[in-house]
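The analysis underlying the following values was restricted to heavy atoms, covering all of them including side chains, and did not include hydrogens, waters or symmetry mates. Along the sequence shown, residues are numbered consecutively beginning with 1.
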Amino acid sequence: MSDRRPPRPNARHRGARDDAGLSEAPAELAEPIPTDPALIGDSADFAAATPAEEAVSITAPAPQLGSQAARGAAVTLAAQGGKVLVQVVSVVVLARLLSPHDYGLIAMVLAIIGVGELFRDFGLSSAAIQATTVTRGQRDNLFWVNAGIGAVLCVLVFLGAGLIAAAFGQPDLVPIAHALSLTFLINGLGTQYRADLVRRLRFSSVATADITAPAVALLIAIGGALLGWGYWALVAQQLSQALVLLIVLIIAAGWIPRLPRRGESISGFVRFGWNMLASQLVAYIANNVDNVLVGVRFGTVSLGLYSRAFQLLMTPLNQVRIPLTTVALPIFSRLKDERDRFADWLCRGQLALGYTIVAGLALVAGAAEPLTAILLGSQWMEAAPILRLFAIAGIFQILAFVGYWVYVSRALTGDLLRYSLVSAAIKIVCIAIGSFGGVLGVAIAYAVAPAISWPISLWWLSRRTSIPTARLYAGAARILALATLAAGAAGGATWLCEPLGSLIQVAASIVAALAIYALAALLIPPVRRDIGGVLAAARMIRKR
């Protein structure tokens, strides 16, 4: 394959994943051009002293930001809709073919694998995306660094499989860890291909990869489950998804790496990536301490129930949040020096998330029981209260996610690390206390922790940089008030329609929740303005 030149800045760019700039695992998020040498080193390190024609650069004139954001959001939302659909089908179908014990075993290994995935990326994909220029030599060097890290982690996990099994007291984890260790090598090879496509705003290409890989993997998993493979069907799903994703990314990117070149410095990338890695590592440990604690203290069946509820809700939520961020962050990076426009887009982003994703989460919180019965089956009903609590946690996580956009777009990765340490400490303490109440206590703690951390996040940011704090708090207050009312209305409708069956319950809860938002739009002017702005953004996306 030949090494293709990137499109010119005025060309129509397509292709990346993450959250709509119209209004969050984390390795492929777009980052800002470095502005604070104290935090991430001299930005000159990101531009090599090589001929200009070999550098990859993306900059868009300010007037084009709206249209680029709309195009990117349209492609991304369509792709994520497909990806979420695949995820939901996976949960619904495989939950009926496999047992909680099977899912518990895989969840134990993936909790360990996920930590290694952060080291495998090392924040270098983020560094490559945000840099002003990336030469071919730098791109090649970054490829080999990520591939090398992936290979080392593959060997370490393979050799440490016995320790993983001993930690959980499950001998079956040894062959599972051996097999899943290959994901490090495969993902390491694909890291810079994805970063390159995101950098060039190739939204459609990344979207194609992100839909094709899980869809193929799901078919393989279903086939394996029907053949009686048990948990090996889930192992096959993980490996096939990584491999298909790599193949599609290579074909879409259209280049092959050359040998490493000493003259191409990537020290600036490494400095930037280190802060990102540290922040993501802290966040990952905090986000997975509940899985480890449930697995160790309560066994594979309890962890299977817990992880099913998590995958039914939080995994699709992350798949929507993170890809939309890939669209949002390049936009915020370009607006970081325009205070008023930055503030306006940030508030718009919060409202778009609040009146769409948060509204959906409120519905889930109110109708958790019938949704669990429909999607997982009656044998999984113990997961219903856990699902409700995850929905509540997701609401506060979404509200806090706009703060992440600010940290990264303004190159405040050092501050992000320090805040991540505080947030992680809050979460770990909550979960440790909640674990005395069993699995449900852990889920309650998981919901309480972001409710405590979210207001701290905005306060923390306001001390470091200029943000529209009052507008963000006010917008969040309206979002939360409506979500609470909608969840209550959905819950009441579910209770009233209980004799009519799960499908009628869900339909009634949807109508009740929509009625709350409709009444609020009619009676409360600020809410009417909020919803009008979100609908205007949706119309702009639809026209692209």
Side-chain angles (χ1 to χ4, degrees), residues 17-26 29 73 76-77 80-81 83-84 87 283 286-287 309-310 312-329 332 345-366 368 387-409 416 419-420 423 426-427 446-458 460-461 467-469 471-487 490 513 517 527 530-531 533-534 537-538:
R17 51 172 202 157
D18 266 90
D19 189 85
L22 297 173
S23 328
E24 330 311 195
L29 299 179
T76 298
L77 288 173
Q80 287 310 113
K83 190 173 180 180
V84 169
Q87 176 65 37
N287 287 337
F310 189 95
L312 184 60
L313 182 71
M314 302 305 291
T315 298
L317 178 62
N318 289 333
Q319 288 174 346
V320 171
R321 186 176 57 187
I322 294 173
L324 290 176
T325 299
T326 297
V327 175
L329 287 181
F332 285 117
W345 278 69
L346 192 65
C347 293
R348 195 186 308 178
Q350 181 195 56
L351 293 175
L353 294 175
Y355 285 94
T356 54
I357 297 177
V358 169
L361 291 170
L363 174 64
V364 174
L387 181 66
R388 173 176 290 111
L389 290 164
F390 281 155
I392 295 171
I395 289 172
F396 288 101
Q397 289 176 5
I398 287 293
L399 291 176
F401 206 63
V402 294
Y404 181 85
W405 295 347
V406 180
Y407 279 118
V408 182
S409 64
L416 176 59
Y419 170 72
S420 296
S423 177
I426 292 172
K427 190 168 191 177
Y446 190 93
V448 169
I452 297 174
S453 299
W454 162 67
I456 297 176
S457 173
L458 291 184
W460 190 289
L461 261 178
I467 60 170
T469 310
R471 290 174 62 188
L472 290 172
Y473 276 132
R478 295 192 295 273
I479 291 168
L480 286 173
L482 284 174
T484 301
L485 292 173
Y517 282 93
V527 173
D530 291 345
I531 296 178
V534 173

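- Within the structure, no pair that satisfies the salt bridge (Lys or Arg N to Asp or Glu O under 4.0 Å) test touches residues 399-408, not counting sequence neighbours.
- The structure places CD1 of I395 at 10.5 Å from CD1 of I479, a figure rounded to the nearest 0.5 Å.
- Remark: L387 CG to I392 CD1 distance equals 10.5 Å, nearest 0.5 Å.
- Partners of L485 according to the side chain to side chain contact (heavy atoms under 4.5 Å, CB included) rule, which considers only residues two or more places apart in sequence or in another chain, are I516.
- Between W454 and A476, the shortest heavy-atom distance links the atoms CZ2-CB, 3.2 Å.
- Annotation: side chain to side chain donor-acceptor pair (under 3.5 Å) contacts of Y355 (sequence neighbours excluded): D530.
- Shown here for A365 and A391, the closest heavy-atom pair between the two residues is N-CB, 3.9 Å.
- For the atom pair L351 CG and R478 CZ, the distance stands at 6.5 Å (nearest 0.5 Å).
- For the residue pair Q350 and R471, the shortest heavy atom distance occurs at OE1-O, 4.3 Å.
- For the pair F396/I452, no side-chain contact is recorded, criterion being any heavy-atom separation below 4.5 Å from C-beta on.
- Partners of A393 under the side chain to side chain contact (heavy atoms under 4.5 Å, CB included) rule, at least two apart in sequence or in another chain, are Q397, Y446, A447, P450.
- Of all the heavy atoms in I531 and Y517, the pair that sits closest is CD1-O, 4.1 Å.
- Nearest heavy-atom pair, V402 versus L346, reported as atom, atom and distance to 0.1 Å: O-CD1, 3.7 Å.
- S457 is not listed as a side-chain neighbour of Y404, based on a closest heavy-atom distance of 4.5 Å or more.
- Summarising the geometry of L361 relative to G394, their closest heavy-atom pair is CD1-C, 3.5 Å, with the distance given to 0.1 Å.
- Every residue two or more places apart in sequence or in another chain that forms a side chain to side chain contact (heavy atoms under 4.5 Å, CB included) with T469 is listed here: S462, I467, Y473.
- Separation of atoms CG (L472) and CG (L458) is listed at 5.5 Å; rounding is to 0.5 Å.
- No donor-acceptor distance shorter than 3.5 angstrom exists from the side chain of S423 to the backbone of Y419, with no hydrogens or angles considered.
- Between atom CD1 of residue I456 and atom CG of residue L461 there is a gap of 12.5 Å, rounded to the nearest 0.5 Å.
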